[in-house]
Protein chains: 2
Amino acid sequence: MEELTERQKQILQTIIEDYIVSAIPVGSRTLSKTIALSSATIRNEMSDLEELGYLEQPHTSAGRVPSQKAYRFYVDHLIPMTQLSLSEIRYLRAYYDKRIGQTGEILSDAARVVSELTQYVSVVTPPRVSGVKVSSIQLMPVNRITAMVVLLTDTGMVQNTPIVLPRSVTPDELLSMSGLLNRLFAGKNVSEIHPGVQYAVENEIADQKQIFDTICAVLEARLESEENRVVVEGASKMLAHQEFSDVEKARAFLQLLEENDKLGELVNEGDGRVSVRIGTETGLNDMSIVTATYSAGNRHLGRIGVIGPTRMQYDKVLSVLEQVGQTLSEIFSKQEEDDHEEK
Amino acid sequence: MEELTERQKQILQTIIEDYIVSAIPVGSRTLSKTIALSSATIRNEMSDLEELGYLEQPHTSAGRVPSQKAYRFYVDHLIPMTQLSLSEIRYLRAYYDKRIGQTGEILSDAARVVSELTQYVSVVTPPRVSGVKVSSIQLMPVNRITAMVVLLTDTGMVQNTPIVLPRSVTPDELLSMSGLLNRLFAGKNVSEIHPGVQYAVENEIADQKQIFDTICAVLEARLESEENRVVVEGASKMLAHQEFSDVEKARAFLQLLEENDKLGELVNEGDGRVSVRIGTETGLNDMSIVTATYSAGNRHLGRIGVIGPTRMQYDKVLSVLEQVGQTLSEIFSKQEEDDHEEK
DNA sequence: TGTTAGCACTCAACGTGCTCGAGTGCTAAT
DNA sequence: ATTAGCACTCGAGCACGTTGAGTGCTAACA
């Protein structure tokens with residue numbers, strides 16, 4: 001690919017940044033005010049940039065609009081390192097210092113912060129089972145044939161699942177079953193739970209194995225389905241952006257936001273610590289998805305992201321996500337440390 | 001208030017039902033096709049109805065549009081008893097027969113069904129603490145100074161809350177604390193949990209009282225905040241209705257749907273087994289809210305509702321909500337029965 | 001050789017005036 | 001009491017001209 005001259009880069013960057021805030025095609029006159037060149041010169045350069053595929057013209061007598069390729073070039077080479085403003089950092093800290101609560105709340109708080117700071121829709125995927133370890137498991141009786149399984153993880157997450165047992169069971173049996181489950185799975189990865197796990201039996205009777213398998217099966221299914229849950233915040237903000245003034249487009253997008261599985265996949269598809277997918281790279285039309293990971297220690301847990309029109313404030317979004325992803329990681333890692341400290 | 005003649009009622013009903021599906025002002029010509037009267041006669045009647053406040057004219061040469069008063073009259077006197085279609089009933093049953101799972105899932109399933117069948121946004125408020133009884137309480141150690149409180153209710157709901165204790169506590173202490181909590185609160189209303197509850201102590205030391213109070217305080221706060229959670233489904237459907245073709249209106253509504261506390265209040269404000277609030281009665285502009293209760297036995301738990309434009313298919317919405325509310329009640333009551341059966 | 005001024009050209013956006021038709025109210029006839 | 005007829009109203013939709021932002025090209029200039 002041909003190298004762009006410094007001047008071309010400057011012009012391209014100015015066009016992109018102008019267009020990102022104004023959403024109207026930018027013309028040579030406008031640019032000549034920011035850049036010390038005559039409009040004619042700029043026209044020539046723009047013409048070249050168009051030929052190279054960085055700019056597009058909606059119609060003959062309109063200004064130029066950055067192409068997908070331009071955005072890609074922008075985030076790869078031109079993006080300025082944005083510092084969050086002091087007030088923004090303070091805003092983030094306010095959440096960070098909050099008591100450590102329920103995982104679900106932490107995630108939706110994080111999403112709300114991101115959405116608020118960026119003015120785009122924010123999506124978070126919950127911790128993946130493969131990244132989380134069992135801290136303890138407890139069975140609680142509900143009625144004769146139903147029990148509640150409460151699973152506690154090292155990241156401070158709780159998962160409770162009602163289980164209908166194959167036969168009626170006494171509280172004592174449940175207790176010993178709890179003990180068994182703990183001996184088997186405590187400290188292991190949550191993903192290792194599935195029926196058929198072999199364990200050294202001393203004096204168990206055959207149908208206890210059946211109960212054990214039932215519990216594992218239900219638990220496994222539940223954890224897996226839990227993985228598909230996603231948290232969405234700030235959906236109303238999308239309508240503030242021009243590209244959704246067409247109601248049909250807005251409806252389609254809103255519907256996407258309601259399809260949790262698809263949305264979760266979309267967010268998790270990002271790779272690397274931060275990932276920027278632009279336009280068709282997302283598989284969606286005229287949409288961009290920026291995501292960052294969060295983790296506990298060095299175990300990858302999930303991703304937090306922003307989804308919006310291709311014309312997106314990439315610099316702002318990137319710095320916010322980077323910051324929030326890091327904060328989330330700190331929170332989850334802290335929880336883990338507390339655990340170790342205990343031992 | 002003046003009584004309407006049978007003919008006026010018929011005309012009014014036809015206008016309303018026509019307008020509900022078409023959303024365009026209905027004229028006398030159109031009506032004369034459905035009703036065996038000349039357009040002129042109908043015009044006279046319409047003129048009278050307008051004077052009585054049942055109809056409105058957007059402008060001189062447009063048809064008539066039903067007023068809020070007309071809708072109110074419609075749901076109170078004219079509404080036909082809609083039977084759900086066979087396929088709809090089958091659809092409902094499919095959900096009803098589903099395994100009884102997590103409360104949250106039941107509620108969001110219910111909301112999704114309502115939204116799907118009515119094509120409006122559906123909102124559910126979770127069971128109120130005052131309607132729910134403690135089944136059992138369990139404390140699980142997380143680390144030295146943190147424990148997880150797992151509260152099981154008679155409606156099969158689970159509530160888990162992390163609690164940071166005032167001092168480090170041994171698992172044995174937690175166990176005895178669990179026992180105490182169970183003795184005190186099992187079978188009682190969840191709402192009776194708060195710090196400072198007096199209990200007959202045998203050999204408890206002073207600071208155990210402090211731990212006890214901490215647990216109760218956090219639990220109480222948590223349960224209260226949990227009450228404000230609402231489930232919203234089908235938000236994207238709102239955009240299909242004409243009254244939201246104005247993006248600004250759509251945005252405002254979408255934002256309302258994200259303000260959980262306000263939304264919950266709005267839904268819970270309904271009274272009676274089913275409640276229909278129209279237009280300004282809701283406190284919102286040009287919106288209607290239809291809600292139905294669901295309960296366990298005779299204890300009121302929460303409400304499920306539909307929120308949409310004043311021009312709403314009241315008959316359809318009413319029958320769906322009535323049905324789903326009843327189904328929800330059956331589910332939650334069943335859970336309760338199982339409990340009693342156990343004893 | 002790169003930059004700039006000037007000019008003709010293009011085209012969406014906007015405003016104006018026009019027609020069309022759905023709908024009304026009124027009056028007079030049935 | 002109902003209906004037919006007619007004049008009137010007014011938004012929707014279309015044609016048309018104007019405006020202005022923006023372009024490409026050419027020729028002059030440093």
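Every chain is numbered from 1 and lettered A, B, ... according to where its sequence line falls, protein lines coming before strand lines. Below, all heavy atoms of this structure are taken into account, side chains as well, without hydrogens, waters or symmetry copies. Keep in mind that what you see is a predicted model, and the values were worked out from it rather than measured.
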Minimum-distance nucleotide (side-chain atoms of B/T41 versus D/dT3, C/dT3, D/dC10): D/dT3
What integer distance in Å separates A/E45:CD from D/dC25:P? 15 Å
So what does B/T60 hit on the nucleic acid, given a heavy-atom distance under 4.0 Å: a base, only sugar-phosphate, or nothing? sugar-phosphate
Out of A/V113, A/L84, A/L86, which one pairs with A/Y91 under the side-chain contact (heavy atoms from CB on, under 4.5 Å) rule? A/V113
A/K249 to A/F244 six-membered ring, cation-pi geometry met (6.0 Å, 45°): no
Atom pair distance, as rounded to whole Å: CE in B/M46 and C1' in C/dG23: 8 Å
Starting at CD1 of A/I35 and ending at C1' of C/dT4, how long is that distance when rounded to a whole Å? 16 Å
Would you indicate which nucleotide in C/dA5, C/dT10, D/dG22 comes nearest to any side-chain atom of A/S38? C/dA5
Measure the distance from CD1 on A/I42 to C1' on D/dG22 and round it to the nearest whole Å. 13 Å
Side chain of A/R43 (C-beta onward), nearest among D/dT3, C/dT24, D/dG24: D/dG24
Touch class at under 4.0 angstrom, heavy-atom based, for B/A40 against every strand present: base
Where each residue is assigned the nucleotide of DNA chain C containing its nearest heavy atom, which of B/G63 and B/N44 is assigned the position nearer the 5′ end? B/G63
Give the rounded distance in Å between these two atoms: NE2 of B/H59 and P of C/dG25. 12 Å
Report yes if at least one side-chain N or O of A/S39 is closer than 4.0 Å to OP1 or OP2 of C/dT4; otherwise report no. no
In terms of side-chain geometry, is the basic nitrogen of B/R311 or B/E243 positioned less than 4.0 Å from the acidic oxygen of its partner? yes
What is the distance, rounded to the nearest whole Å, between atom CG of A/L37 and atom C1' of C/dG2? 11 Å
Take the protein atom CD1 of B/I24 and the nucleotide atom P of D/dA12, then report the distance between them rounded to whole Å. 12 Å
Tell me whether B/E265 is salt-bridged to B/K262, with the criterion being a basic N under 4.0 Å from an acidic carboxylate O. no
Take the protein atom NZ of A/K33 and the nucleotide atom C1' of D/dG22, then report the distance between them rounded to whole Å. 12 Å
If the cut-off is 4.0 Å, is A/R7 near the phosphate of C/dT3, judged by side-chain N/O to OP1 or OP2? yes
Does a salt bridge link B/E88 with B/K316, judged by any charged N lying under 4.0 Å from a carboxylate O? yes
Nearest to the A/S61 side chain among C/dG25, C/dC11, D/dG24, which nucleotide is it? C/dC11
Ignoring hydrogens and angles, are the base of C/dG25 and the side chain of B/R64 linked by a donor-acceptor pair under 3.5 Å? no
